[in-house]
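Notes follow the structure.
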Amino acid sequence: MPRFKQRAELGLDWVRCGWRLFRRNPWLLGGMGFYGTALVILLAFIPFIGGPLIGLLAPALLAGIFTSLDGTAKQKLRLPPALRMTALKHSPRALLSVLRDESRLMQTLILGLCCMAVVVLGDIVAWLIAGNAWANRGAGFPLAALPRLVAAVLTALSIYAAMAALLVYALPLALLDKEPLVPAVRRSFKTAAEYPSALAVLFAFLLLPFGLAAVTSLYSIWLAYLVGVAGGALMLPVAAAGLYCSYRTLFSAAQAPRAAEMNGRRAAGFIGRS
């Protein structure tokens, strides 16, 4: 239990670090969060293929945010007021910047295809468990199907969590530190398995606006969309910045091939400077 609490507190430290990093350039990062969240919501409306498309694009969107966060972290200063509108206008291009970078496009595409395959696998497994209740979960379902639907959701979340563990650090290792993709995926899974409670805090923070939107939808569907987009504009870049902070504390950027052996206490160095 003390170890779990310590790692959870480390996750909160990463969130605080991410917030400080976000505040250096909220116009660029907030714009990226807004457009990224809006795109995900729009894709979610597409029947059957919306989820796989989100999985395909997710690594590219996250790669764009990570690249901007890396530049923001190296600047060490907040964005001057005169450049705020320029940064906001640049945010859509920055979000999709990896798609114009030939040196990074192939790795991102491979990770996107892997994510899409995992999303499809999760949907198939969930449908096998819950049947038609899974396909109609947004439009109502018989109360008797609730236990099967809960089991399907938990199973799908477990599959998605395994995917997140494989990719959460593989993306910055491959794109920022130029590490080969297969070793990067292996190191990502190993490190994520060592810090599950800390990462759970980050992902809970990321999913918070969508949970609020789900509750709000009971009263107004349009208000729910507004809450989701507005919350995502803030939570998405802050959570991504927290992941960036965790990446820089758990891995040595100067010696990327070395294994991530750094413990939580050594994380204070980077977090305190951000």
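Between the side chain of Thr155 and the backbone N or O of Ala126 there is no donor-acceptor pair closer than 3.5 Å. The backbone N or O of Phe34 sits nowhere less than 3.5 Å from a side-chain atom of Thr37 that would complete a donor-acceptor pair. Although no hydrogens or angles enter the test, the distance criterion places no donor-acceptor pair under 3.5 Å between the side chain of Ser188 and the main chain of Ala184.
The heavy-atom pair separating Ala94 from Ser68 by the smallest distance is CB-OG, 3.8 Å. Residues Ala8 and Ser197 come closest through the heavy atom pair N-OG, 3.7 Å. The heavy-atom pair separating Ala151 from Ile129 by the smallest distance is CB-CG2, 4.1 Å. The nearest pair of heavy atoms linking Ala156 to Gly122 is CB-O, 4.3 Å.
For Trp19, the ring pair (Phe, Tyr, Trp, His ring centres under 6.0 Å) criterion is met by Phe22, not counting sequence neighbours. With sequence neighbours left out, the side chain to side chain contact (heavy atoms under 4.5 Å, CB included) criterion links Thr72 to Leu21, Arg24, Asn25. Take Phe205 and apply the side chain to side chain contact (heavy atoms under 4.5 Å, CB included) test, not counting sequence neighbours, and it matches Val15, Met235, Val238, Ala239. Scanning for side chain to side chain contact (heavy atoms under 4.5 Å, CB included) contacts around Leu223 gives Thr216, Ser220, Leu226, Val227, with sequence neighbours left out. Considering only residues two or more places apart in sequence or on other chains, Pro183 meets the side chain to side chain contact (heavy atoms under 4.5 Å, CB included) condition with Glu179, Pro180, Arg186.
Taking the six-membered ring for Trp and thresholds of 30 and 60 degrees, Tyr247 and Tyr244 have ring planes inclined between 30 and 60 degrees apart.
Taking the side chain as every heavy atom from C-beta outward, Leu173 and Val185 never approach each other to under 4.5 Å. Between Thr249 and Trp14, some side-chain heavy-atom pair lies under the 4.5 Å cut-off. Leu79 is not listed as a side-chain neighbour of Leu28, based on a closest heavy-atom distance of 4.5 Å or more. The closest side-chain heavy-atom distance from Leu167 to Cys115 is below 4.5 Å. Counting heavy atoms from C-beta outward, Leu12 and Arg16 have side chains that approach closer than 4.5 Å. The shortest distance between side-chain heavy atoms of Leu88 and Met85 falls below 4.5 Å. The closest side-chain heavy-atom distance from Leu208 to Leu212 is below 4.5 Å.
Surrounding CZ of Arg84 are more than 12 heavy atoms belonging to other residues, nucleotides or ligands, all under 6.0 Å away. More than 12 heavy atoms of other residues, nucleotides or ligands lie within 6.0 Å of NZ in Lys178, so this atom counts as buried by the packing criterion.
The CG atom of Leu105 sits 11.5 Å away from atom CZ of Arg100, with the distance rounded to the nearest 0.5 Å.
Annotation: salt bridge (charged side-chain N to carboxylate O under 4.0 Å, His left out) contacts involving residues 150-174, sequence neighbours excluded, are absent. The list of ring-ring contact (aromatic ring centres under 6.0 Å, His included) pairs with a residue in residues 166-191, not counting sequence neighbours, reads Tyr169-Phe251. Contacts classified as salt bridge (charged side-chain N to carboxylate O under 4.0 Å, His left out) and involving residues 49-75 (residues at least two apart or in different chains) are given here: Asp70-Lys74, Asp70-Arg248.
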Starting from the C-alpha separation in whole Å, work towards a yes-or-no answer on side chain to side chain contact (heavy atoms under 4.5 Å, CB included) for Leu10 and Val201. CA-CA 9 Å; Leu10 178 60; Val201 171; over 6 Å; no
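The same ILVMFWY cluster, assembled from side-chain heavy atoms under 4.5 Å apart, contains both Tyr35 and Leu99.
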Cut-off 3.5 Å, no hydrogens considered: what does the side-chain donor-acceptor table look like for residues 41-67, sequence neighbours left out?
from  : atom 1 : to     : atom 2 : distance (Å)
Thr67 : OG1    : Ala63  : O      : 2.8
Thr67 : OG1    : Arg104 : NH1    : 3.2

